[in-house]
Each structure stands twice: as structure tokens, then as C-alpha cells.
Amino acid sequence: MKYIYCIILSFLLVLLCFAQTGKEKNIWYFPNKGGLDFNSGTPLTLLDGQMSASEHNANAASIADKNGSLLFYTNGEKVWNRNHDVMPNGNNLNSSHSTHQGVFIVRIPNSDNIYYLFAINDTLTKADTGLLYSVIDMSLDNGLGDITAQKDINLIDSMTEKVTAVMHANNRDIWLVSRRMGSNDFYSYLITEAGINTTPVISSGGTELDFSSSTLGAHIGAMKVSPDGNFIALAHYGISVVDICKFNPVTGEVSDHLVLENMSFPEGVEFSCNSRFLYVTNSSSTQYVRQYDLTASDIKASEEVIFTQSDISIVKRGLADLQMGPDKKIYVVNRNAFTKTMDVIPFPNEPFPFCGYLNEALFIDRLNGTGLPNFLPEPCWEFENTTVCPEEVTEFETEVYFYDSLVWDFGDPSSGYYNRDTGREVTHVYQNEGDYAVSMFVYRHGFADTIIQEVSTFPDVVITDSIIVMPSQCNSNDGFIDITVNGVEPLTFSWSNNETSEDIFNLNTKSYQVYIKDSNNCSISDTFWLKNDCDKSFYIPNVFSPNADGANDNFTPLIIGYSEWTLNIYDRFGKKIITLDELNPFWMPSSLNINDGVYTYYFTSPVSKGDVQVRHHGNILAIKP
């Protein structure tokens, strides 16, 4: 009998049509002329940036091309090209380098050259804190880029130090989101390939602020939208509050309202790329990094403190910005006057304590201030190219948590009805080796995200032939089992009598089980019965190869001691193929042109064994290499 062993594949989905994704976020520049390069897979320190530093400097944004090569970066006041020179028209922008999260770069959908630079003035130093935009054309200045005549165009006045963006539910357009001062109004601007729609979608949610709140400090703090577009979180530094609201990626509207209170000057917020967890930092005398589970029935009660430290005057200035990197880790600014390091949350998709926390994990020679570059969030919806074995149960599990429906197509049409399934955790059995294009369709807000990944199955391990010699007498030890196995070598054998060779000898009258595994970890298990005429017994093989090659072509059950018996064989659709009995004990199907696959047998005998009539059923695998 063949036993089934599970291989679990963990699937994280990837949306196929992001406007800004992948390597465009591989180059970071931040205040104090430092940066990080993620192109090698491991972040490497950059020392050639030109953004100046100050204690309160938080503004930063940078963008690379689709190959990971730097295009430009900015602090909201100047724009530097890839040669680290200020663009000809990139000086004296009418915004401030000191806003907390007041600058954002968006590439126009379906454009390779045109970018929007959004910037907000400093709420502490500017009388009119407007949301401004400038257009950068990378075809100008011999390909180094420059700001066009569309510079410092005012979209709206009186905005807080918060600007972020997220993909529309159609995975093509982009929502730019900011928040109005002195209210709880959100302004969402839709960006399409035609440009920016200057008429915002206005909605309300979260804590309402006034202009006097802690000398406008309540308007400072980060704001992020979850990668799947379902949540928006924002920190209100001056009143020690974090808001979590619903976001609609179809309409751009914000709704509902959950308040996390007593946060002691919250500063940074960031979502895990599976959108399940929210992380929050604060910069009071005792500093924390907190994790919240957005799938919990009580989000507040799900709080876990994953890291804490005490402020040591000027040495430890506090935990500040959080930003997810291209490697899907979350990087944490831990302002430290001497060691110049950055903390890392290595597994942010996992609940505490499995998310981990690496204090002072990354040395940054020129790290200062609070800010990290501000990027369009990217879901980690991709799945690994994992191989499986035929006839074994494969479990698929996705990291998608918020959806209307989720449908799988396993790329195996021969399985008929079983080629499709629904839900976060599904299973499928591939009958044959080969390559299969697995598709997952995530339906959200009336749109479908399609994710396709190839899954390959290895050749199966098969016992193609067996020679069984019974002991000459009931109690003798002169039997043996000689098997022939197809599989990717080297093969390992584990018998129930502790033998590890392919064939075993000196056997007496009992059953022997073997477990066989090949180099691909594909496996098979089978049982052999050694009996003689001193007892009634039967052995039903579970595999044979009817391909007329002279090896294991026929199905031959071993029936001992039963004068009358019947063995009916059915295909997978329930159609009877043949009936064997004591007068017709062999199935020689090579002339019947049968298909590969699994067949079911039922063995019965009118001869009672004790008080119970003998009945037995099981499966037979027909293989035609």
C-alpha cells in the first residue's frame, strides 16, 4: 500500500501589474548624505548622497529605474539626479526638508519618463502648509532628468505632514492620500496615465485635530496605507494617538475609526507586506515597537511589544520611521548618536515572537534624523517555485487575508472537477510528473488579481517488479524479497526488519514493510506478505506496468488457502474492468489498452475466517513508462 506524505507550499501572492514596484525601490537615500543599495539582495551602505542633515530632518524620497539604477532623490527642497547634482530646475522648491513625511514620488502609470514629485510644507515654520506637486521628465537634460514648467503647483492648502500613496484596486492607477489640518478629512487624488485628477475624493475618519494641538505637533507623524489597500494608519505625535481606519482602494474613501491611545509620542507606522500586521514606534523616554494583528477580533487586545529600550539622553534619541524594504523586511530608524545603526524586523509577516527583532542590525555611517524614503507599498503576494511528487497531497496556503473570494486553478485539467478550489488553504494531487501553471484569482472590490506560477512535479518512485520466494516451511527462514525500483538515485531503503538494502533475505513467514525515498524526497511505501500453505492468506500488489516490455506486465494477486474467491477491479469512474477468481487468477491487460492511473479492487471470499467473512479493498496503480 502506498502512503501519502504531505509537502506544504507557502504562497505569498504577487500582483502582476504594479505601476511602481520591484527594483524601483532598490536605492534609498536619506538625510546626512547616506543611503542603502538593495540590488545585491543585502543592503549595502552608500556614502555619496547630498541631502543635508539636521536633528529634525525627516523628509526623503528616492526612485530607481526598473533595473534598480538610481534616477533621482529629494528632500522636498532640492532634487538631485543620478550624478548627485541638483537638477537645473530642481532647486528652491517651495516646500520644507523638515516635514515628517512630506514628500512622495509617483511614476505616472504606463510611462517610463514622467514622474510626479509631491511635497508638503513644514507645519511648524510655514504659514501656509499646502500640498504641492512638480513634474519631472527623465528625458530632459540628456537623460539625467529635470523639473518641467509644472513646478510647485498647489493642490490644496493647510495639510498635515503626511502624504502617502497606494495602488487603486484595478492595479493600474494610484491613489495619493493626504490629510487636512484642523479636521479629520482625508484627500485622495487619483493618478492615471492621463495625469492627476486635481479634484480630490474627500472623506472623514480618525481623530479630529485642531490647530492648537501641542503647537501643531499633533500633525506630525507617519501615515501609511496597507499594501492590499484595505487599511490606513496614521500617528499623531503631539497627542499620543494612532488611528487605524478602513480604506477603499476603489473609491479612495476612508471610513471607520479605531484609536490606539496612550502611545507616548508615536512617530512611525508600517504594515507587513501581507497586510496582516501593523507596526508602530514611539520616541518617549521609554521607547517601544508594537505589533497589532489586523485579523484579530479585538485589534487593540492583539498588541505585542516586540522591542523596548530606555532613552539615554542625547545617546538614544528614540525610535522613529519604519519602512518596508525590497527584501520585505521592515527597517527601523533608531536614532543613536554614536553607533549609527538601524534596527530590522526580519519576518514582519509572522506574529510575535516569530517576527523577530534585530537591534542595531545594520551599520549606517551617515544615518541621522528620523526619516527613511517614502515608497508605494508592495504586497508580498508571490509563491515559491516548489517541486512536488505525483500521487502525493500538495497543500497550498496563501498570505492573502482580506478578499471577497479566492479561486485556485491548479493547471491540471485532466483532474476535472478537482482542478479548481477556493479558500486560503487548499490541496491538490498531481497524478503525473510535469510542469503545471498554477493560477490564483483574488477578487477584491470588484476587481480580480491574477497570479500565475509554475509548479513542477518530479518523477515518482515506483516498484516496477518484485520476486517473492516463500519460506519452504511455516517456521523456516529461507524466504527472500527481490524488488526492482525506478526513482532518481541515490535511493534509500528502510525495511521493517531494520534492513537498508534493496533486497532482503533469510526471511520467515510474516509481513515486511519497506519505505523507499529517492534524491528528490519522493517516496513510496509497500508491504509484502511471506506465507505458505500452512495458513490462509492473500497478497494484492498495489502497482504494475502493463506496457508489454516483459517486466511486471501482469497483475498477479497471491491467494493462498482460499478455495473460492472473487476480486473485482474498477477504474476511477466506477466502471468494472475485470473480475478475477480461482479459475481466472491473472489480469493481463496489455492487450486491453488500459490507461495509466489508479484502479480500485474489492476482494471477497465465502470462506469465513472466524465469524467474519473475508472482505478487502484497496488501490492498484497502473504505470506505462
Side-chain angles (χ1 to χ4, degrees), residues 17-41 43-52 59-93 95 97 101-119 132-153 163-167 174 176 191-193 195-196 323-327 331 366 371-378:
C17 39
F18 276 134
Q20 175 180 321
T21 183
K23 295 183 178 181
E24 291 182 312
K25 298 188 288 187
N26 277 12
I27 302 293
W28 293 12
Y29 278 99
F30 36 74
N32 204 25
K33 303 183 178 181
L36 290 173
D37 184 343
F38 286 87
N39 279 300
S40 67
L44 303 176
T45 300
L46 298 172
L47 302 176
D48 52 0
Q50 296 301 308
M51 282 192 287
S52 61
N59 239 9
S62 57
I63 193 74
D65 64 19
K66 295 178 181 179
N67 298 315
S69 299
L70 174 68
L71 291 177
F72 61 91
Y73 56 97
T74 181
N75 62 358
E77 294 180 352
K78 299 179 180 181
V79 182
W80 289 266
N81 63 27
R82 65 174 178 267
N83 292 335
H84 306 286
D85 297 323
V86 177
M87 290 181 176
N89 197 28
N91 212 341
N92 300 317
L93 274 72
S95 52
H97 72 275
Q101 191 194 15
V103 63
F104 205 99
I105 299 168
V106 173
R107 176 166 59 85
I108 293 182
N110 293 329
S111 172
D112 291 329
N113 292 313
I114 306 301
Y115 294 79
Y116 281 120
L117 170 58
F118 297 94
L132 315 172
Y133 76 89
S134 302
V135 176
I136 296 176
D137 186 344
M138 290 307 300
S139 67
L140 300 177
D141 195 23
N142 297 315
L144 292 174
D146 197 6
I147 297 180
T148 70
Q150 293 179 282
K151 180 179 180 180
D152 285 335
I153 298 175
V163 61
T164 190
V166 70
M167 295 299 300
I174 299 169
L176 182 90
I191 303 171
T192 69
E193 60 184 12
I196 183 170
Q323 178 60 49
M324 182 171 63
D327 54 6
Y331 291 81
R366 293 179 179 177
L372 293 175
N374 200 0
F375 292 108
L376 193 72
E378 177 186 352

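- Closest approach of Met87 and Ile136 over heavy atoms only: CE-CG2, 4.1 Å.
- Remark: Tyr116 engages Phe118, Tyr133 in a ring-ring contact (aromatic ring centres under 6.0 Å, His included) (not counting sequence neighbours).
- If you take CD on Glu77 and CG on Asn92, they are separated by 8.5 Å, rounding to the nearest 0.5 Å.
- Within the structure, side-chain hydrogen bond (donor to acceptor under 3.5 Å, both in side chains) contacts touching residues 136-149 (residues at least two apart or in different chains) are Asp137-Ser139.
- Each of Phe30, Tyr29, Phe375 was scored for a ring-ring contact (aromatic ring centres under 6.0 Å, His included) with Tyr73, with one residue passing: Tyr29.
- In terms of the ring-ring contact (aromatic ring centres under 6.0 Å, His included) criterion, residue partners of Phe72 (sequence neighbours excluded) are, by chain and number, Tyr115.
- Taken from CZ in Phe104 to CG in Leu376, the straight-line distance is 5.0 Å, to the nearest 0.5 Å.
- Between Gly145 and Pro88, the shortest heavy-atom distance links the atoms O-CD, 4.3 Å.
- Looking at Asn39, its side chain does come within 3.5 Å of a backbone N or O of Gly68 through a donor-acceptor pair.
- The nearest pair of heavy atoms linking Leu70 to Arg82 is O-CB, 3.3 Å.
- With hydrogens and angles disregarded, no donor-acceptor distance shorter than 3.5 Å links the side chain of Asn26 to the backbone of Ala64.
- Taking every heavy atom of both residues into account, Ile147 and Gly90 meet most closely at CD1-CA, 3.8 Å.
- The shortest non-hydrogen separation linking Gly76 to Leu93 is O-CB, 3.4 Å.
- Closest non-hydrogen pair, Asn81 versus Asn83, comes out as OD1-N, 2.8 Å.
- Note: Tyr331 and Trp28 meet the aromatic proximity criterion, with ring centroids under 6.0 Å apart.
- Here the OG-CG distance, from Ser134 to Asp152, works out to 4.5 Å after rounding to the nearest 0.5 Å.
- Atoms NZ and CG, on Lys151 and Asn89 in that order, are 4.0 Å from each other to the nearest 0.5 Å.
- In this structure, NZ on Lys25 lies 10.5 Å from CG on Asp327, to the nearest 0.5 angstrom.
- The CG atom of Leu71 lies 8.0 Å from the CD atom of Glu24; values are rounded to the nearest 0.5 Å.
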